[in-house]
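This report concerns only the one structure given below.
This one's a predicted model, so the numbers in the text were calculated from it and none came from an experiment. We count ligands from 1, going down the list as the structure has it; atoms in each ligand are counted the same way. Any value given below was found using the heavy atoms of this structure, including those in side chains, with hydrogens, waters and symmetry copies removed.
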Amino acid sequence: MMGTVARPTIGIIGTGAIGGFYGVMLARAGFDVHFLLRSEFSAVAEHGLQVYSAPHGALKLNPVQAYSNAEDMPPCDWLLVGAKTTSNADLAPAILQAAAPNAKVLLLQNGLDVEDSLRELLPDSLHVLGGLCYICVHREAPGVITHQALGAVHVGYHSGPAVDGPTRAAIVEEGVGLFRSAGLDSQAMANLHQARWQKLVWNIPYNGLSVLLGASTTPLMADADSRELIKALMAEVVQGAIACGHDVPAGYAEHLFMVTEKMPDYWPSMYHDFLHKRPLELTAIYARPLAAAKAARYEMPRIEALYRSLSFIDRRNT
Ligand SMILES: NC(=O)C1=CN([C@@H]2O[C@H](COP(=O)(O)OP(=O)(O)OC[C@H]3O[C@@H](n4cnc5c(N)ncnc54)[C@H](OP(=O)(O)O)[C@@H]3O)[C@@H](O)[C@H]2O)C=CC1
Ligand SMILES: CC(C)(CO)C(=O)C(=O)O
């Protein structure tokens, strides 16, 4: 008789739009999922998590294994970090509390080198991975999440005890397998750093312009001036990535532009941060790519102007 393989215990560190959505999908697929919350703890402990998903319908998880303190969480084999990159350095104590020995810590976040500040605070025994989420999801109210479109997660290895390629690939495949078991599209990324640059081709123009111009994707794509601005910013990111030694497939920016025209009207997560007076993810999405390109002797003046404008807005907003 075949033995059954134990399914991993999963911890969600930061149960917002991303953490809540993927946590609910994994719990519904039968995984043992534990959710760390902060401001929404009482609401979720009392009423559960509710996801209104255009592709999957109305999904309710109640009761939720919800925690306001990581000390109370069981040891988790996988920790999915769904907090904003602005809090990464503060999350290390919670991750250490909730991590099983040799746990895999997967950062479901946008931006460049987001793993680095956390990596240096974690022991070498923990694996750190990066996850890129291609999804339109936001918090509607405490414990209530709206999922408008898409849902794929791409997973890549960052650092940790797996030193050789095959071991790293096996861990990445395990991560990919979690999302696929929950009915979601997921792929392994061979080059996490390059993939993070490629995703910025979307996030640099749309996240920042949504805040600066107070506009979601539909009006941004309908206006001749904002269309030109988006194309020019995208072109600069592509050239910055190439200057830093990365590949960007031919026609990649044009492809993202076309995909956005077909997307439902969408406010990027940076706009939600602006609206709720939370810090914007400016270091991860703007400052680091600007610094990396500069170090490679490539200037990105349009992105720099956008970054400086957003920094001004951010300081007055929080
Ligand atoms: N939303 C989207 O569609 C997409 C988002 N992303 C990226 O995913 C990441 C997460 O974004 P998103 O889900 O939208 O963000 P949210 O603001 O919706 O969620 C962040 C969550 O983290 C919680 N949190 C922060 N610090 C702590 C802490 N110390 N302890 C416990 N909980 C904490 C917040 O709690 P509190 O309420 O108390 O602040 C909140 O619930 C970002 O990097 C974003 O750029 C990527 C692709 C798409
Ligand atoms: C809109 C989309 C799908 C772009 O990749 C996204 O994932 C994001 O908001 O970061």
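Around CZ of R278, the count of heavy atoms belonging to other residues, nucleotides or ligands within 6.0 Å exceeds 12. Summarising the local packing, CZ of R7 is surrounded by more than 12 heavy atoms from other residues, nucleotides or ligands at distances under 6.0 Å. At most 12 non-hydrogen atoms from other residues, nucleotides or ligands lie less than 6.0 angstrom from CG of D124.
Near ligand 1, G14, T15, G16, A17, I18, R38, S39, G82, A83, K84, S87, L91, L108, Q109, N110, C133, I135, C136, V137, R139, K199, Y266, S269, R278, E281 each place a heavy atom less than 4.0 angstrom from the ligand.
The single protein non-hydrogen atom nearest to atom 2 (C) of ligand 2 is I135 O, 4.1 Å, given as residue, atom name and distance. For atom 9 (O) of ligand 2, the nearest protein heavy atom (residue, atom name, distance) is Y266 OH, 2.8 Å. Given atom 4 (C) of ligand 2, the protein heavy atom at minimum distance is W202 CD2, 3.4 Å.
In this pair, H272 and H276 present their aromatic rings parallel. The plane angle is below 30°, not in the 30 to 60° band. Taking the six-membered ring for Trp and thresholds of 30 and 60 degrees, Y206 and W202 have nearly parallel ring planes, at less than 30 degrees apart.
Side-chain heavy-atom separations under 4.5 angstrom define the hydrophobic clusters, and M258 shares its cluster with no other residue. Connectivity analysis of hydrophobic side chains (ILVMFWY, heavy atoms under 4.5 Å, direct or indirect) links L121 to nothing; its cluster partners are none.
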Worked verdict on L233 versus L209 for side chain to side chain contact (heavy atoms under 4.5 Å, CB included): CA-CA 10 Å; L233 287 162; L209 291 180; 3.9 Å; yes
Stepwise side chain to side chain contact (heavy atoms under 4.5 Å, CB included) test for Y286 and N207: CA-CA 10 Å; Y286 296 95; N207 285 33; 4.2 Å; yes
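At a heavy-atom distance under 4.0 Å, only side-chain atoms of L150, from C-beta outward, approach ligand 2. By the criterion of a heavy-atom distance under 4.0 Å, neither the backbone nor the side chain of Y206 is placed next to ligand 2. Looking at N110 against ligand 2, only its side chain comes within 4.0 Å, counting heavy atoms. Contacts between Y134 and ligand 2, counted as non-hydrogen atom pairs separated by less than 4.0 Å, involve both the backbone and the side chain.
Not one N or O of N207 is nearer than 3.5 Å to an N or O of ligand 2, by distance alone.
In this structure, of M270, K199, Q148, the residue bringing a heavy atom nearest to atom 10 (O) of ligand 2 is K199.
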Show the atom names and distances, to 0.1 Å, of all donor-acceptor pairs under 3.5 Å that link a side chain in residues 49-58 to residues at least two apart or in another chain.
{"from": "Q50", "atom 1": "NE2", "to": "L59", "atom 2": "O", "distance (Å)": "3.4"}
{"from": "S53", "atom 1": "OG", "to": "H56", "atom 2": "N", "distance (Å)": "2.9"}
{"from": "S53", "atom 1": "OG", "to": "H147", "atom 2": "ND1", "distance (Å)": "2.8"}

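Near N203, with a cut-off below 4.0 Å to any heavy atom, the atoms of ligand 2 are 8 (C), 9 (O), 10 (O).
The backbone N or O of Q97 sits nowhere less than 3.5 Å from a side-chain atom of E71 that would complete a donor-acceptor pair.
Residue C133 places a heavy atom less than 4.0 Å from ligand 2.
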